[in-house]
Amino acid sequence: MNIHKNVTLALFALTLIAIGVPLAAAQGSSINYQYTEGIVTLDTDDISIKVTGNNQAPHFHWWDPNSPTVDYHVMFVKMYEVNDINENGVYDHGTDLMVGAPFALPTSGWDFSGFELEETDGNVTAVHFNFTTTSTFDPRPEGTGVDYGQLPSLSPFDVYMEVRVHLDLTTPGEMKFDLVVDGWEWTYDDSMLVLQFNLSESNHGQAMGTRDAGGMHKTGTKFQFQNGYFEYNETALAAQNTLQVNASYGEGDGLEAGQAIYLAFDYFGNDTLVYDPIIGIGPAGFTIDPVTLALIGGGVVVVVLAAIFIKRR
């Protein structure tokens with residue numbers, strides 16, 4: 001009886017070891033990074049990323065390096081003040097009213113900061129960098145044919161924006177990016193500010209998204225699609241104040257492909273807004289690679305043969 005019990009325990013322990021060793025070995029010890037002609041590329045064993053800040057609005061595309069068939073794309077395209085008609089704190093496209101014109105993000109003039117690195121034993125374990133720009137925004141542009149009604153006679157103002165990117169091997173399958181907005185001049189103090197992103201996918205290697213992300217759905221604070229995700233934080237910071245953030249998604253005006261994600265922020269006055277979403281690759285399901293499977297099989301054979309040998313003795 002004890003022999004069979006010991007054999008069972010040995011088999012269980014060996015199986016755990018066989019699974020654990022390859023998985024531990026698969027975790028890379030360094031991040032690959034590069035900047036060329038306005039494009040940053042980042043790679044870990046779990047995610048590959050391109051960040052562009054030249055000749056287009058900030059654009060993140062990422063994919064699973066272990067299965068590089070589909071690329072996901074997120075572009076931060078514009079922001080605008082809205083009147084929350086139903087007062088639910090969420091931007092409802094087609095219901096809530098936009099106040100003035102939208103601020104379309106500039107497609108040029110984004111300055112790259114250079115890389116800030118964290119290292120352990122000569123290996124790069126974290127990479128940080130920024131893209132920044134200052135652009136003049138006119139909330140009441142002439143020549144658009146739009147009647148702005150009773151809006152106050154606002155003048156053009158400068159908006160400072162910064163995109164701070166962070167990739168850390170403690171979470172090797174995801175990238176956090178802080179959005180910093182300063183200088184926004186509000187029309188009303190009971191409005192919301194909406195940041196609109198465009199989420200799409202394409203075949204691997206294409207520069208832009210060509211279709212809706214497959215299986216798009218919202219679970220908690222995550223927008224999930226196949227094995228990719230876009231995660232938002234329910235709070236933001238403005239000075240030392242915490243702001244509530246609510247998200248919605250759907251069809252967006254003028255989008256050639258993909259869907260719009262809308263993040264709505266409460267009024268924050270003249271303070272600087274700081275916010276930190278996340279993009280990432282998550283497991284589509286638990287799978288065992290052939291090497292791991294072979295090790296497990298080999299371990300089982302060894303234990304079974306040992307059990308037979310012991311029993312015959």
Name each donor-acceptor pair under 3.5 Å that joins a side chain in residues 37-44 to protein atoms two or more places apart or in another chain, with its distance.
residue, atom, partner, partner atom, Å
Asp43, OD1, Ser48, OG, 2.6
Thr44, OG1, Asp46, N, 3.0
Thr44, OG1, Ile47, N, 3.2
Thr44, OG1, Pro172, O, 2.7

Would you mind writing out the side-chain donor-acceptor pairs for residues 240-248 within the sub-3.5 Å range, not counting sequence neighbours?
residue, atom, partner, partner atom, Å
Asn246, ND2, Gly89, O, 2.9
Ser248, OG, Tyr91, O, 2.7

Anything under 3.5 Å between a donor and an acceptor, one on a side chain of residues 267-278, the other on a protein residue two or more places apart or in another chain? List them.
residue, atom, partner, partner atom, Å
Thr272, OG1, Asp182, OD1, 2.6
Tyr275, OH, Asn233, N, 2.8
Tyr275, OH, Asn233, O, 2.5
Asp276, OD1, Asn233, ND2, 3.3

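In the hydrophobic clustering, where aliphatic and aromatic side chains (Ile, Leu, Val, Met, Phe, Trp, Tyr) are joined below 4.5 Å either directly or transitively, Leu97 groups with Ile85.
Every residue two or more places apart in sequence or in another chain was checked for a salt bridge (Lys or Arg N to Asp or Glu O under 4.0 Å) with Glu174, and none qualifies.
Within 6.0 Å of the CG atom in Asp121, the count of heavy atoms belonging to other residues, nucleotides or ligands does not exceed 12.
Every pair passing side-chain hydrogen bond (donor to acceptor under 3.5 Å, both in side chains) that includes a residue from residues 64-75 is listed here, sequence neighbours excluded: His59-His73, Asp64-Asn66, Asp64-Asn227, Asp71-His204, Tyr72-Asn227, His73-Ser202.
In this structure a side-chain-to-backbone donor-acceptor pair under 3.5 Å is missing from Thr221 to Glu231.
The shortest distance between side-chain heavy atoms of Phe197 and Leu263 falls below 4.5 Å.
Checked options Lys176, Glu116, Glu118, Arg164; the residue passing with His128 is Glu118 (criterion: side chain to side chain donor-acceptor pair (under 3.5 Å)).
Within the 6.0 Å centre-distance limit, the rings of Phe129 and Phe112 are counted as a close aromatic pair.
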Practice task
Output, in order, the C-alpha distance, side-chain angles, deciding distance and verdict of side-chain contact (heavy atoms from CB on, under 4.5 Å) for Asp92 and Tyr262.
Solution key: CA-CA 9 Å; Asp92 297 305; Tyr262 305 102; over 6 Å; no
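Between Phe137 and Trp184, the angle of the ring planes stays under 30°, which puts this pair in the parallel group of the 30/60° scheme.
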